[in-house]
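This report refers to the structure that appears directly beneath it.
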Protein chains: 2
Amino acid sequence: VSEQPSAASKPAPKEPVRNTKYDPKKPHITETPMTKKNWYKHVNWLNVVLILGIPLTGLIAAWWTPLYWQTAVFAVAYYFATGLGITAGYHRLWAHTSYSATTPLKIFLAAVGGGAVEGSIRWWARDHRAHHRYTDTDKDPYSVRKGLLYSHFGWMLMKQNPKRIGRTDISDLNDDFVVVWQHKHYLKVVLFMGLIFPSIVCGLLWQDWLGGFIYGGILRIFFVQQATFCVNSLAHWLGDQPFDDRNSPRDHVITALVTLGEGYHNFHHEFPSDYRNAIEWHQYDPTKWSIWAWKQMGLAYDLKQFRSNEIEKGRLQQLQKKLDQKRSKLDWGVPLEQLPVMEWDEYVDQAKNGRGLIAVAGVVHDVTDFIADHPGGKAMIKSGLGKDATAMFNGGVYLHSNAAHNLLSTMRVGIIRGGMEVEIWKRAHAEGKDTVMSKD
Amino acid sequence: VSEQPSAASKPAPKEPVRNTKYDPKKPHITETPMTKKNWYKHVNWLNVVLILGIPLTGLIAAWWTPLYWQTAVFAVAYYFATGLGITAGYHRLWAHTSYSATTPLKIFLAAVGGGAVEGSIRWWARDHRAHHRYTDTDKDPYSVRKGLLYSHFGWMLMKQNPKRIGRTDISDLNDDFVVVWQHKHYLKVVLFMGLIFPSIVCGLLWQDWLGGFIYGGILRIFFVQQATFCVNSLAHWLGDQPFDDRNSPRDHVITALVTLGEGYHNFHHEFPSDYRNAIEWHQYDPTKWSIWAWKQMGLAYDLKQFRSNEIEKGRLQQLQKKLDQKRSKLDWGVPLEQLPVMEWDEYVDQAKNGRGLIAVAGVVHDVTDFIADHPGGKAMIKSGLGKDATAMFNGGVYLHSNAAHNLLSTMRVGIIRGGMEVEIWKRAHAEGKDTVMSKD
Ligand code: HEM
Ligand code: HEM
Ligand SMILES: [Fe+2]
Ligand SMILES: [Fe+2]
Ligand SMILES: [Fe+2]
Ligand SMILES: [Fe+2]
């Protein structure tokens, strides 16, 4: 598709290497077709355990684990905190730099974001930038064109060829020590923020170590994962496209409710560097509200926002596009350039011989079948037959509605040579005033 | 404003004369300004008694009149029947001939319509045709431009100059013996259908002669009058204008609920000969449903309907109009023809000297303040400075969104002489290939 300019392709010097087993010279498993014999090699078993296996174990364990109300409240609150780590931290801060954060806020977001167990910031943001840059193409790591379930978590459950995913510039992330630190110590962060921290809170405060582990840890991870995965699946599948319909992103309040406000995804793909996803005050975007609150507290700054003029331009162009599509499906009458040309006398003769012809604005219309239906009465419309009815039709007798004009255009049968001036011109000619006529 | 052709202005031969006191030679009272001394002469006292006085008496009488449930049920049913007399009879059948009715149905509609006490069909339909033909002008008998209350019933409570109201062709009504008979015997019809008939029904069937008179007669008349008056007031005041916004008619479900379905009045003024007012199945239009049912029963025929193609054309044109209004309020950047013309070398020089200039599609943009904000990174956008970035910007490196194009247009500062081919042409020139270039 496209080539990377040097700025993006030069390896970042401080880049920490995570996957040491990856050898770009050996053919990758995804380059071998899946068969009955090798299918298990295509599966990313580690992710299957992390995303499906552990939650299942948690669900079974929950059967024997009593749920204290304090633990339930904490689990829901921690669900929101870790969710925000992804939406306000991983996504809007690091992947899109839609605002700037002070170090304490960055550390908080890197910590709770790690507790959502969705990979390091660095890995997540790189894939996400590729997703924006190559949306719906083969270079999109979670393209919805490969299926709704694929975009939800199929792309993680199956092994991926790292060469396939589009490359992006993450030099800014490599310069961010919080990002680099979190990436380096990712396993420790996950274990601590994902499981140990919720156990400690519930254990120390109300002696529910196990409940904290099962409900605040394992099951909460499952729900926050599934919710944020919806940004890649549901948000590319359900809803309207008020800004652009060339790609899959869509706006829907249900997706917003599930994803802490990331549901206005058509807007987001069009204006990715805007710290908001919802721009209307009545739309649900708690991530935006949080960022705004952090700003009031001095923790966040430089909140980026697209000018509403640009946003409205986008909305308008999309509406125009839809309108044009609709217009092309309607019958607008025979185009003027396809009509046969008639002489004025020919028109008058045919009308005299009983054909219901009426000329308006240089175009001859056959109204024979309409005379009896004319809302202004038969007499009125008959008074225009065989004449230049332009003035009568346009206010001389009655200022016809837009609907009447539309109807008229469907009755076109011919065009008069020289237009309507002919009659006047002929009269002038007969009277000997054979000079140049000026159009009014 | 406009002249009537002969067909409409010749007096109908069978025209029954109702107002014998009217002398066109004497100056009409409305031609004298209203003062403290003569104001009572401006009031139409007969109508004040009919529209306000009698209902008020009825309300007082109701205080001492017990309401039987049978009478209540009958009054509501008769309210609907007499309302339909106006909406399906007076309005859609006679004023607009939007369908044809057999004689039994005509007699039924003329009878129950008379029971609503809103004047004869002939008088009502003549005014209503003038209302459509001269909507919102001085010739409109109940123009909302004179105030909401005026259009509701002010026009009846105050004397009107009959010369003011626009003339219309009612020759078809003068040919309809049901219309003519009802007009001639109007007082009898009103007394019988408005008051006597409801008293008889309630008296003979459950011995509630007085209740029938008060509730089924007087108060029911008041409600049906006020409801149908809303077509002239509320329907020109509340709601949307999906088909035409040059005049006052509007669509609103509240008006529809009040007026037996006449609330889609913007549609109705645009397509007056359509037997429907609501075109969507889920919209409330019991008048349409009744006409349709009568058709199934063989009582009505020739139901007229505008082609949905014409209706959609109207809707689309109105949407387009609104879009164009919105478009004109947005900032689309300096128009190309107002930009200063720059030489290619001048552009390159300025960019080299540190000005953040970038040329895309023949236009020079000053992106100095945007470089740090560029969502694709500083390096990317800098790589285009001082160059022809058309290809890069349009997919060579990254296929920018519509939003990016809009943003770019607000940064225009100049136009390059000869457009983008200049650079290629100059290279070709330097290489000695000084031939005609073909555009791709
Ligand atoms: C040439 C083809 C014609 C077409 C397709 C046409 C169509 C219509 C339509 C659809 C209406 C309903 C109201 C509206 O939509 O504005 C109407 C009303 C009317 N037309 Fe025409 N018309 C034609 C010619 C004429 C001519 C030649 C005259 C007069 C010389 C005329 C006089 C009127 C009048 C007076 C009304 C008002 C009826 C009323 O609301 O009472 N029309 N016409
Ligand atoms: C000339 C003025 C430019 C403007 C106004 C502009 C604007 C934008 C905007 C608004 C985006 C966000 C995504 C989108 O809306 O499509 C974007 C992304 C991008 N731009 Fe530009 N751009 C400009 C020049 C360039 C140039 C010259 C390059 C490359 C040589 C470039 C490369 C990119 C890339 C690669 C992205 C994708 C970022 C990502 O999603 O990861 N842009 N640009
Ligand atoms: Fe997306
Ligand atoms: Fe995003
Ligand atoms: Fe109206
Ligand atoms: Fe009407």
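So that the names make sense, note that chain A is the first sequence line, chain B the second, and so on, each numbered from 1.
The side-chain heavy atoms of B/Arg307 and A/Leu407, taken from C-beta on, include no pair separated by under 4.5 Å.
Atom NZ of A/Lys295 sits in a sparse spot, with 12 or fewer heavy atoms from other residues, nucleotides or ligands closer than 6.0 Å.
Contact annotation for B/Thr410: only side-chain heavy atoms (C-beta onward) come within less than 4.5 Å of a heavy atom of chain A. Heavy atoms of B/Ser409 lying under 4.5 Å from chain A belong exclusively to its side chain. If you measure heavy-atom distances from B/Asp373 to chain A, the contacts under 4.5 Å come from both the backbone and the side chain.
We find the CG-CG distance between B/Leu323 and A/Leu323 to be 6.5 Å, quoted to the nearest 0.5 Å. Note: A/Ser401 OG to B/Phe243 CZ = 11.5 Å, rounded to the nearest 0.5 Å. Separating the CZ atom in A/Arg315 from the CG atom in B/Leu330 is a distance of 11.0 Å, to the nearest 0.5 Å. In this structure, the separation between CG on A/Asp172 and NZ on B/Lys378 is 9.5 Å, given to the nearest 0.5 Å.
Between chain A and the options B/Leu319, B/Thr97, B/Asp302, B/Ile311, the largest number of non-hydrogen pairs under 4.5 Å is found for B/Leu319. Ranked by heavy-atom pairs shorter than 4.5 Å toward chain B, the options A/Asn247, A/Asn309, A/Asp244 are led by A/Asn309. Heavy-atom pairs under 4.5 Å with chain A were tallied for B/Lys304, B/His405, B/Lys329; the largest tally goes to B/Lys304.
A side chain to side chain donor-acceptor pair (under 3.5 Å) with B/Asn406 holds for exactly one of A/Glu270, A/Lys313, A/Glu310, A/Gln317; it is A/Gln317.
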List the steps and the verdict of side-chain contact (heavy atoms from CB on, under 4.5 Å) for B/Asn402 and A/Gln318.
-> CA-CA 10 Å; B/Asn402 193 31; A/Gln318 183 57 23; over 6 Å; no

